[in-house]
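Structure record follows, encoded as structure tokens.
For reference, positions follow the sequence shown, starting with 1. Remember, it's a predicted structure, so these values are computed and weren't measured experimentally.
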Amino acid sequence: MLESLVADALALVPSERPCDGPGRVVLGLAGAPAAGKSTLARYLVHAVDERSRPGTAGYLPMDGFHLSNAQLDRLGRRDRKGAPDTFDAHGYLAMVRRLLAETDHPVYVPDYDRRLHEPIAAQHVIEPHTRLIVTEGNYLAGDEEPWSRVRGLLGELWYVETEDRVRERRLRRRQMAGGASVSAAKEWVERSDRPNGEFVKGSRNNCTRIVRVSGVPRLGSGDRYSAR
């Protein structure tokens, strides 16, 4: 299954014939929290680069557009971090448009640091010769504005699906890795992550295909786009 996904991602890469110009396509991965979107996205970028040349694929994580803790505190939304209105959705949409239009210079994109619990600017770079952008996030298939405008920019949109019990185990571990106690991690998942996941499931049918994978290799510290 995994090799088939890599082959399908490779098939999306536009040709580099001079008469065509520097074309790009964006592959989106949507899905509920902790479904494995970022692990799969990083692996696809790594695998496409291995089978073509470095920089053919680039990574754009939606989590880089989390609002900062300072902004969440100002808005009174920090206890709901991860909900749709705790992201700079317009900023993410503008970045996707930039990446499709600006192909003559490097474009730097943010990511989210789970140790700092903050977005980090310019964490990744999309090179001028990059042809495939792999982006992932909970709400890419959403019907609400401005998320609904994202779909029209994507070549394909895959829904990454994982059993709820597996996702929630990952989510509890994620919270504890960030310093939460066992009880606090459980409370956060039940109060925040679970409702967000149910909300995301409602957009499942907006995706072009459903992807169920397990055992996706997590890249090591020396690999490009290693999982943190």
Side-chain angles (χ1 to χ4, degrees), residues 4-17 20-31 35-66 84 87-112 119 122-161 200 203-211 213 216 224-225:
S4 173
L5 294 179
V6 173
D8 290 343
L10 273 166
L12 294 174
V13 178
S15 70
E16 294 188 74
R17 292 178 296 175
D20 292 338
R24 271 188 186 152
V25 68
V26 183
L27 167 62
L29 306 180
K37 301 181 298 296
S38 61
T39 300
L40 178 59
R42 290 181 174 104
Y43 182 77
L44 289 174
V45 170
H46 174 78
V48 167
D49 279 3
E50 274 197 331
R51 289 158 176 77
S52 47
R53 63 166 173 152
T56 296
Y59 178 45
L60 173 63
M62 191 200 81
D63 275 359
F65 294 84
H66 267 285
F87 289 86
D88 178 12
H90 288 282
Y92 172 78
L93 175 64
M95 178 59 76
V96 176
R97 287 173 170 161
R98 277 192 69 192
L99 292 173
L100 289 170
E102 300 179 22
T103 59
D104 61 344
H105 59 268
V107 178
Y108 297 91
V109 303
D111 203 343
Y112 186 80
Q123 189 78 357
H124 307 297
V125 59
I126 306 299
E127 300 287 1
H129 66 273
T130 298
R131 295 291 173 266
L132 174 68
I133 310 293
V134 183
T135 187
E136 49 84 17
N138 296 343
Y139 305 116
L140 303 193
D143 289 315
E144 299 72 24
E145 287 286 340
W147 301 109
S148 59
R149 285 182 260 167
V150 172
R151 292 203 304 275
L153 303 175
L154 306 179
E156 289 193 14
L157 177 57
W158 301 352
Y159 187 89
V160 182
E161 191 165 68
V200 170
S203 63
R204 182 179 184 268
N205 290 338
N206 290 336
C207 298
T208 52
R209 70 189 290 183
I210 309 301
V211 172
V213 292
V216 179
R224 192 165 179 242
Y225 303 132

Taken in chain and number order and not counting sequence neighbours, the residues that satisfy side chain to side chain contact (heavy atoms under 4.5 Å, CB included) with Asn206 are Ala141, Asp143, Arg151, Ser203
OG1 (Thr208) and CG (Leu154) are apart, to the nearest 0.5 Å, by 8.5 Å
From the list Leu153, Val109, Val26, side-chain contact (heavy atoms from CB on, under 4.5 Å) partner of Thr135 resolves to Val26
Taking the six-membered ring for Trp, are Tyr92 and Phe65 parallel (under 30°), tilted (30 to 60°) or perpendicular (over 60°)?
perpendicular
- Using modelled atom types only, decide if a donor and an acceptor are shared between the side chain of Arg131 and the backbone of His129 within a distance under 3.5 Å. yes
When rounded to the nearest 0.5 Å, the distance separating CE of Met95 from CD1 of Ile133 is 10.5 Å
inquiry  = Determine whether Val6 and Tyr43 satisfy the following criterion, side-chain contact (heavy atoms from CB on, under 4.5 Å), listing intermediate values before the conclusion.
reply    = CA-CA 9 Å; Val6 173; Tyr43 182 77; 3.8 Å; yes
(message) Donor-acceptor pair, distance only, cut-off 3.5 Å: does the side chain of Arg51 make one with the backbone of Ala47?
(response) yes
Nearest heavy-atom approach of Leu140 to Leu29 is CD1-O, 3.7 Å
Residue set satisfying side chain to side chain contact (heavy atoms under 4.5 Å, CB included) with Val48, at least two apart, ordered chain then number -> Ala9, Leu10, Val13, Ser52, Thr56, Ala57, Leu132
Has Arg24 got a side-chain atom pairing as donor or acceptor with Glu102's backbone, closer than 3.5 angstrom? yes
Taking the inter-plane angle between the rings of Phe87 and Trp147 on a 0 to 90° scale, is it parallel (under 30°), tilted (30 to 60°) or perpendicular (over 60°)? perpendicular
Kindly assign one of parallel, tilted or perpendicular to the pair His66 and Tyr112, based on the angle between their ring planes and the thresholds 30° and 60°.
tilted
The side chain to side chain contact (heavy atoms under 4.5 Å, CB included) partners of Ser38 (sequence neighbours excluded) come to Arg42, Tyr59, Glu136
Tightest non-hydrogen contact, residues Gly55 and Asp49, listed as N-OD2, 3.2 Å
Problem - CA sep, side-chain torsions, deciding dist, call: Glu127, Thr130, side chain to side chain donor-acceptor pair (under 3.5 Å) - result: CA-CA 5 Å; Glu127 300 287 1; Thr130 298; over 6 Å; no
Between the CG atom in Leu40 and the CG atom in Leu5, the distance rounded to the nearest 0.5 Å is 6.0 Å
In terms of heavy-atom contacts, Leu99 and Thr103 come closest through O-CG2, 4.2 Å
dist Arg204:CZ -> Tyr159:OH (nearest 0.5 Å) comes out at 7.0 Å
In short, Ala30 meets Cys207 closest at the heavy-atom pair CB-SG, 4.2 Å
Between Pro106 and Val125, the two heavy atoms sitting closest are CB-CG2, 3.7 Å
- Is the side chain of Lys37 donor-acceptor paired with the backbone N or O of Gly31 at a distance under 3.5 Å, no angle test? yes
Heavy atoms of Val25 and Gly155 approach each other most closely as CG2-CA, 3.7 Å
CG of Asp88 to CE of Met62, rounded to nearest 0.5 Å, is 11.0 Å
